[in-house]
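Notes follow the structure.
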Amino acid sequence: MKYRRLGRSGLAVSEIGLGSWLTLDEGDTRLASELHRTAYENGINLFDTANQYGLGATESMVGEALAPFRRETYVLATKVFWPYEPDWPFPGANDRGLSRKHLFSEIEKSLARLRTDHVDLYQCHRFDPDTPLDETCRAMSDLIDQGKARYWGVSEWTGSQIEDAVATCEEAGWHRPISNQPIYNLIDRHWERDAFPTTARRGLGNVCFSPLAEGLLTGKYADGTPADARAADERKGQFIRRRFTEANLDRVRRLARIAADLEVPLSSLALRWCLRREEIASCIIGASRPEQIIENATAPDLAWDQTIADRVETTLG
């Protein structure tokens, strides 16, 4: 496994990280432990989750799965923004967003579920238009000063929002964000024109999620949906099914031919394509089986050159 610094920070993260969105919300703690151990033993040191995943239960599973390992040997990242707890006995007016109140409340819950006294990377899961940006920046900086987070970052923020956050922190002397977590893969490339130029200029690293487009870029959906695949599940498959256009499926088939010529899995080609960019520090994969992690962990080893890059771009059209 290779490691990259996350932006201009000194934090080193594995080029492949393990996430837990949609994969650890069934309560299977045995599987969660097996997946995290497999990742850890294959050199993956970045583990990403969020308070909202599994309505809070996923963080608990991640915390239990990582408990056997020395805390200083891995990078633990979680996120905050969305409401997830039932509105009982009355709706929670402050159970969402990036207000100081919500951030301080949720970090305590996340730390308890994750069985730790700090997270390495605390991320704003989305931008909050209802909270003054300086309130959010000050709160995140204060959490770092309190030792409850080592660094902070954002997810799916636009370039201008990232620029404003960095400028606000620099002007006030607060801890600035070090990372952005955007969706990025061979099909979803819109952030190349917006956020990536800003993160490169301002020194933020990118930890991309869905680098395999939730499994579409593994090729398993090229000829239909297997009965045991995520897309066959009514809830879990709601996002990936939106990508099942004939144009996308045709791209996947053509990309699969390139991977076959290179004698590597399509997933390796897709992950290595993401990592071709210096702005990308890590690709967050999801897995339901240990062998998927083992396969994905070798993706950075694929030798990349301009010939492969040109062929991929031509295929994408």
Side-chain angles (χ1 to χ4, degrees), residues 1-9 11-17 19 42-46 156 158-159 162 178-222 243 245-286 292-317:
M1 180 60 62
K2 300 182 180 69
Y3 303 86
R4 298 184 182 186
R5 300 294 171 180
L6 191 52
R8 292 179 189 164
S9 79
L11 184 65
V13 294
S14 49
E15 291 184 331
I16 302 298
N42 280 272
I44 291 175
N45 79 338
L46 175 59
E156 290 282 278
T158 66
I162 293 170
I178 68 163
S179 66
N180 175 44
Q181 186 173 143
I183 188 171
Y184 187 60
N185 55 60
L186 281 157
I187 294 171
D188 301 290
R189 302 181 61 175
H190 56 284
W191 290 123
E192 289 180 344
R193 301 184 300 274
D194 184 346
F196 284 3
T198 302
T199 57
R201 185 177 67 256
R202 293 304 243 154
L204 279 73
N206 289 277
V207 177
C208 62
F209 72 89
S210 291
L212 299 179
E214 295 179 64
L216 181 61
L217 290 169
T218 65
K220 65 181 178 182
Y221 297 111
R243 298 189 171 98
T245 65
E246 190 52 43
N248 282 343
L249 292 172
D250 183 57
R251 290 188 185 98
V252 169
R253 297 183 190 104
R254 286 183 280 141
L255 288 166
R257 288 195 285 272
I258 298 176
D261 290 345
L262 296 171
E263 299 183 334
V264 298
L266 176 54
S267 60
S268 293
L269 177 67
L271 290 168
R272 186 63 183 86
W273 176 87
C274 291
L275 291 167
R276 82 198 190 286
R277 298 189 67 113
E278 293 182 355
E279 304 99 319
I280 303 294
S282 184
C283 295
I284 302 296
I285 64 167
Q292 293 172 325
I293 296 173
I294 295 171
E295 178 180 282
N296 291 168
T298 66
D301 297 331
L302 173 61
W304 192 261
D305 58 35
Q306 194 59 46
T307 299
I308 300 174
D310 291 343
R311 189 176 176 189
V312 169
E313 289 300 325
T314 300
T315 296
L316 293 174

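In this text the structure is predicted, and so the values were computed from the model without any measurement.
Ala270 and Leu217 get closest at one heavy-atom pair: CB-CB, 4.0 Å. Asn296 and Ser267 make their closest contact through ND2-OG, 3.5 Å (heavy atoms, listed as atom of the first residue, atom of the second, distance). Scanning all heavy atoms of the two residues, the minimum distance from Asp194 to Gly159 falls at OD1-N, 2.7 Å. Shown here for Gly43 and Met1, the closest heavy-atom pair between the two residues is O-CG, 3.3 Å. Between Ala297 and Pro300 the shortest heavy-atom distance is O-CD, 3.4 Å. The minimum heavy-atom distance between Ser179 and Leu204, with the atom names listed, is O-CD2, 3.6 Å.
Residues that satisfy the side chain to side chain contact (heavy atoms under 4.5 Å, CB included) test with Asn45, not counting sequence neighbours, are Tyr3, Val13, Ser14, Val75. Arg277 pairs by the salt bridge (charged side-chain N to carboxylate O under 4.0 Å, His left out) definition with Glu192, Glu279, not counting sequence neighbours. Qualifying side chain to side chain contact (heavy atoms under 4.5 Å, CB included) partners for Ala309, counting only residues two or more places apart in sequence or in other chains: Trp304, Gln306. Every residue two or more places apart in sequence or in another chain that forms a side-chain hydrogen bond (donor to acceptor under 3.5 Å, both in side chains) with Gln181 is listed here: Asp48, Gln123. Under the salt bridge (charged side-chain N to carboxylate O under 4.0 Å, His left out) criterion, Glu156 pairs with no residue at all, not counting sequence neighbours. For Thr199, the side-chain hydrogen bond (donor to acceptor under 3.5 Å, both in side chains) criterion is met by Asn206, not counting sequence neighbours. Here Asp261 pairs with Arg311 under the side chain to side chain contact (heavy atoms under 4.5 Å, CB included) rule; sequence neighbours left out. Residues that satisfy the side chain to side chain contact (heavy atoms under 4.5 Å, CB included) test with Ala247, not counting sequence neighbours, are Thr245, Arg251. The salt bridge (charged side-chain N to carboxylate O under 4.0 Å, His left out) search around Arg257 returns none, not counting sequence neighbours. Glu246 pairs by the salt bridge (charged side-chain N to carboxylate O under 4.0 Å, His left out) definition with Arg253, not counting sequence neighbours.
For the pair Leu212 and Asn185, the minimum side-chain heavy-atom distance is 4.5 Å or more. At a threshold of 4.5 Å between non-hydrogen side-chain atoms, the residues Ile187 and Leu316 do not count as touching. Side-chain contact between Val264 and Thr298: absent, with no pair of heavy atoms (C-beta onward) separated by less than 4.5 Å.
Judged by distance alone, with hydrogens and angles left aside, the side-chain atoms of Arg4 form a donor-acceptor pair with the main-chain N or O of Ile280 at under 3.5 Å. The backbone N or O of Ile294 sits nowhere less than 3.5 Å from a side-chain atom of Asn42 that would complete a donor-acceptor pair.
The list of salt bridge (charged side-chain N to carboxylate O under 4.0 Å, His left out) pairs with a residue in residues 195-205, not counting sequence neighbours, reads Glu163-Arg201, Glu163-Arg202, Glu170-Arg202. Residue pairs meeting the ring-ring contact (aromatic ring centres under 6.0 Å, His included) criterion with at least one member in residues 190-214, sequence neighbours excluded, are Tyr184-Phe196.
For the side chain to side chain contact (heavy atoms under 4.5 Å, CB included) with Leu266, the qualifying choice from Leu216, Thr218, Val252 is Val252, the only one to do so.
A distance of 6.5 Å separates CG in Leu262 from CG in Leu269, rounded to the nearest 0.5 Å.
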